[in-house]
Engineer: 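Here's a structure for you.
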Amino acid sequence: MEHMLSARDLTRVEIESFIQEAELLRSMSRTELLKVLNGHIVATLFYEPSTRTRLSFESAIVRLGGQVVGSENALETSSAKKGERLVDVFRVVGSYTDAIVIRHHETGAIEAAADWSPVPIINAGSGSGEHPTQALLDVYTIWRELGRVDGSRVCIMGDLKYGRTVHSLIQALALFRNVEVVLYHPDSLGLPEHLYRLPGSLKISRAHSFEEAVSGVDIIYQTRVQVERLQDAGEAAQAGNYQLTGEHMQQIPLSARILHPLPRVNELALEVDDDPRAAYFRQAENGLYIRMALLRELIGGRGLATEVDRRPAAQSC
Ligand code: NCD
């Protein structure tokens, strides 16, 4: 694996090996972990706000013995402000570091520029497009909570139009056997068309009531309305009907789990936190280990290459 750009590029075997690796890293001592990225430097460039993704990546890097350089408000504090293109950012930052973790506001921009980077690029969220490392931690959480992914029934609710975590998660779920996805969303915030047509055995249907949506489910994946991406206020008009409260929990199977990529606003009531089925804080913690596994895979085994090493050998004269 060269970069981590889209859930589309993942295979089932890769996801399973990230999960195994995450479990192994979880069991390792602090001293053992420090050897994994010892001496490597990773850049984190965030052109959009983030709490979990940036801090779990940065903690993962530091726990693995690597070091972090970066910009947490890159749209304002980097040369993006002067109009610099991502291709140049990747070439330059890639000559200082061993990998680049980047979140960007323009859908598809990271993917389009990645080939100019001399080091692995990790997409930490690209506009309303994808968020593949979130999909890894979501599938990891489903596996940890249920003991399996195959055969699960997953209700995804909220903003499926702009929610990039949903777009990546659906593609990752499609790699497993007999997964059923039930979508529950306002008419204005439906799943992009192309995600209905994924290869594999994924069954996607749409529910029109909460009762129908949660009947027999194993996982409820609640999401926030991506207010910062709405084209007009009308798009979110019915979103208030898609909340999850303590009262809703009474209709949900006792064996089910509630996931949410977080941050939550008002689509997930605080009272749900006390229910043992609420798995979203465990989900956020899983992000640390799956991101460690990813960093180990992408850079752990590499030597420290420099721009000088990458130059073609000089002709003898
Ligand atoms: C998500 C994102 O940035 O897409 N957050 C995250 O990375 N856990 C979800 C969101 O912002 O709603």
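Indexing begins at 1, ligand by ligand and atom by atom, following the structure's order.
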Engineer: Which of the atoms of ligand 1 are close to Arg103, meaning less than 4.0 Å from one of its heavy atoms?
Structural biologist: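 Heavy-atom distances to Arg103 below 4.0 Å select 3 (O), 7 (O).
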Engineer: Can you report which non-hydrogen protein atom sits closest to atom 11 (O) of ligand 1, along with the distance?
Structural biologist: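 Among all protein heavy atoms, the one nearest atom 11 (O) of ligand 1 is Arg224 NH2, 2.8 Å.
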Engineer: Output, in order, the C-alpha distance, side-chain angles, deciding distance and verdict of side-chain hydrogen bond (donor to acceptor under 3.5 Å, both in side chains) for Tyr242 and Asp159.
Structural biologist: CA-CA 9 Å; Tyr242 294 81; Asp159 179 356; over 6 Å; no
Engineer: Going through the checks in order, is the side-chain hydrogen bond (donor to acceptor under 3.5 Å, both in side chains) test met by Glu212 and Tyr184?
Structural biologist: CA-CA 9 Å; Glu212 184 191 348; Tyr184 184 51; over 6 Å; no
Engineer: Just need the protein heavy atom nearest to atom 3 (O) of ligand 1, so name the residue and atom and give the distance.
Structural biologist: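 Going by distance alone, atom 3 (O) of ligand 1 is nearest to Arg164 NH2, 2.9 Å.
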Engineer: Would you call Arg153 and Glu180 a salt bridge, using N to O less than 4.0 angstrom?
Structural biologist: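 Judged by the 4.0 Å cut-off on N to carboxylate O distance, Arg153 and Glu180 do form a salt bridge.
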Engineer: Are any of the N/O atoms in Thr165 less than 3.5 Å from those in ligand 1?
Structural biologist: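 Among all N and O atoms of Thr165, none is under 3.5 Å from an N or O of ligand 1.
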Engineer: Numbering the atoms of ligand 1 from 1, which are under 4.0 Å from a heavy atom of Thr53?
Structural biologist: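 So the atoms of ligand 1 that pass are 6 (C), 7 (O).
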Engineer: Flag the pair Glu285 and Arg282 as a salt bridge only when some basic side-chain nitrogen lies within less than 4.0 angstrom of an acidic carboxylate oxygen.
Structural biologist: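 Here Glu285 does not pair with Arg282 in a salt bridge, since their nearest N and O are not under 4.0 Å apart.
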Engineer: So if I count the atoms of ligand 1 from 1 in the order they appear, which ones are less than 4.0 Å from some heavy atom of Pro261?
Structural biologist: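 Close to Pro261: 8 (N).
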Engineer: When you look for heavy atoms under 4.0 Å from ligand 1, do you find them on the side chain of Gln226, its backbone, both, or neither?
Structural biologist: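 The part of Gln226 near ligand 1 is the side chain, not the backbone.
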Engineer: Using a strict threshold of under 4.0 Å (side-chain N to carboxylate O), is an ion pair present between Glu111 and Arg8?
Structural biologist: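 Judged by the 4.0 Å cut-off on N to carboxylate O distance, Arg8 and Glu111 do not form a salt bridge.
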Engineer: Report yes if the side chains of Thr77 and Glu72 come closer than 4.5 Å at any heavy-atom pair, otherwise no.
Structural biologist: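 No, every pair of side-chain atoms sits at 4.5 Å or beyond.
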Engineer: Among protein heavy atoms, which sits nearest to atom 9 (C) of ligand 1, and what does the distance come to when rounded to 0.1 Å?
Structural biologist: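 The answer is Leu262 O, 3.7 Å.
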Engineer: Pro263 to ligand 1: N or O pair under 3.5 Å?
Structural biologist: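 No.
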Engineer: Between Arg277 and Asp275, is the closest basic N to carboxylate O distance under 4.0 Å?
Structural biologist: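 Salt bridge between Asp275 and Arg277, a charged N being under 4.0 Å from a carboxylate O: yes.
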